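To find a chain, count down the sequence lines: A is the first, B the second, and so on, and within it residues start at 1. None of these values were measured; they are calculated from a predicted model.
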There are 2 protein chains.
Amino acid sequence: MMNDEGSTGGPLFTELENTDLANRIANQVLMAIGDGRLRPGEKVGEARLARELGTSRAPVREALRLLESQGLIVTHPRRGFFVHAYEADELDEIYDLRECLELHAAGAAVERMTEADLDQLSGQVALMKRLAHEGQLGEQVEQDYAFHRMLCELGGNMRIVRLFDQIATQLRAGIALLGRVYDDPRELARAHDPLIEALAARDAERLRTELREHLEDARIHVVQLYRGNAG
Amino acid sequence: MMNDEGSTGGPLFTELENTDLANRIANQVLMAIGDGRLRPGEKVGEARLARELGTSRAPVREALRLLESQGLIVTHPRRGFFVHAYEADELDEIYDLRECLELHAAGAAVERMTEADLDQLSGQVALMKRLAHEGQLGEQVEQDYAFHRMLCELGGNMRIVRLFDQIATQLRAGIALLGRVYDDPRELARAHDPLIEALAARDAERLRTELREHLEDARIHVVQLYRGNAG
DNA sequence: AGTTGCAAGATTGTCGACAGTTTTTGGATT
DNA sequence: AATCCAAAAACTGTCGACAATCTTGCAACT
């Protein structure tokens, strides 16, 4: 009941982009938020977006509603859509939720994972270290999310995985304008070593403790930085 | 940072129902699912629904997309919307998630709640007992949700509360066709006494233990019944 | 000076329509 | 009788349009 995707490595076929117009628009908006072209709090007029994209307003509306349901866009009725401007308190809440979910999943993962899963996890950490060395900061952060996502997946509850994805999206958006978060990139990768150890020992309690500490560090790090930068 | 609503009792103004058409439609559909007029797996054609409601398809689409984001409707691209037919495994997942969230919130609630909050919680249980005596079964279940929602609220993380609401909605929909769940209605109300005791003692660990047991009971109860009836 | 009222302009909520696709209908064939 | 294929019907995805509402700018007023 896990993610057996074919045999070994990456996907066999490049996912043919048959996606619906609304989804493509949602991705565009998502990227625009990610790289700062759309600032927090900024208004996202559907008419304007439709003009710029050369589509009608209907799919734009759907896209924005989708992003609304994921927490990236807020709407004031009769006034339109706006990029959600995350407050520090909200990031705090998000991390609290993440901790709750991830600890739960991790506890289940310890019992459910195979040796192969364990190898994959530690391979992931190795990858992060390599990326840190090469200075690939953005990619490293992305692989960090991937690591934690795997952990959630191994917990076996797909709903939790989906929530993790939502949280990751929100964090990416919230942290976007923060620039780099860690002073030393290698710190981030190394912080995962204790987790791997606990996993290898299949020690649920220790894993939960380490993971809590790990996430708590990230939380205060980000929230503090955020309070300093944005308010 | 809690729900201080004005001074004392109820709301000062009756919330003027300016809800937009899409939301009203979403509620209609929700109720239709709730009372079985829309069966799990059944197709919900937007054109047909629009005709029956006397509106255009645009707000119907938005309503269905909203319900999709809440997990009650699934959509197969180019084929339309369908009422999500919950599998027993999914209810299991949902309860797992609920347990995760509620235990987390409850832990925080023990430290944050005031005496007044505690009174309100035990008042809620008293209300449930009264309803059980009067045979108001549906209302009792609704107040059960309200009790657990309060507990989540006291945890202080609004995101968790919103997730609880979603879960409650899904459970209502999933359990709708199950008919009555408990043999003796009073059993449900009484099951909350240990929770109140632990709360009154402000004993987080004991509360978590009792709550876990409470939810675990509900889970196996529902899932078993569901496997027997439908799954 | 600051507030209130009003007109112009822009934007949202909703509608009906069209093209392409899926499902259904109904007949022809084995 | 069951299966297969083609025409028809129904439906979704998308579009452009209109009315109601909101915002903006300006003038009148306290």
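Distance, B:Arg79 CZ to C:dT21 C1': 11 Å, rounded to whole Å. Counting to the nearest Å, the C1' atom of D:dT23 and the NE2 atom of A:His76 are 15 Å from each other. A straight line from CZ of B:Phe81 to C1' of D:dT12 spans 9 Å, rounded to a whole angstrom. One interatomic measurement links the two molecules: CZ of B:Phe82 to C1' of C:dT23, which rounds to 11 Å at whole-angstrom precision.
A salt bridge links A:Glu216 with A:Arg219: the closest approach of a Lys/Arg side-chain nitrogen to an acidic carboxylate oxygen falls below 4.0 angstrom. Comment: B:Arg227 engages B:Asp89 in a salt bridge, judged by a side-chain N to carboxylate O separation of less than 4.0 angstrom. Look at B:Arg130 and B:Glu134 and you find no salt bridge, because none of the NZ, NE, NH1 or NH2 atoms lies under 4.0 Å from a carboxylate O.
Counting heavy atoms from C-beta outward, A:His192 and A:Gln124 have side chains that stay 4.5 Å or more apart.
Pairs passing the side-chain hydrogen bond (donor to acceptor under 3.5 Å, both in side chains) check and including a residue from residues 67-79 of chain B, sequence neighbours excluded, read B:Arg65-B:Glu68.
Classification of the A:His148-A:His214 ring pair by plane angle, with boundaries at 30° and 60°, yields parallel.
Scanning residues 40-65 of chain A for heavy-atom distances under 4.0 Å to DNA chain C yields A:Lys43, A:Gly45, A:Glu46, A:Ala47, A:Arg57, A:Arg61.
The phosphate of C:dG13 has neither OP1 nor OP2 within less than 4.0 Å of any side-chain N or O from A:Arg78.
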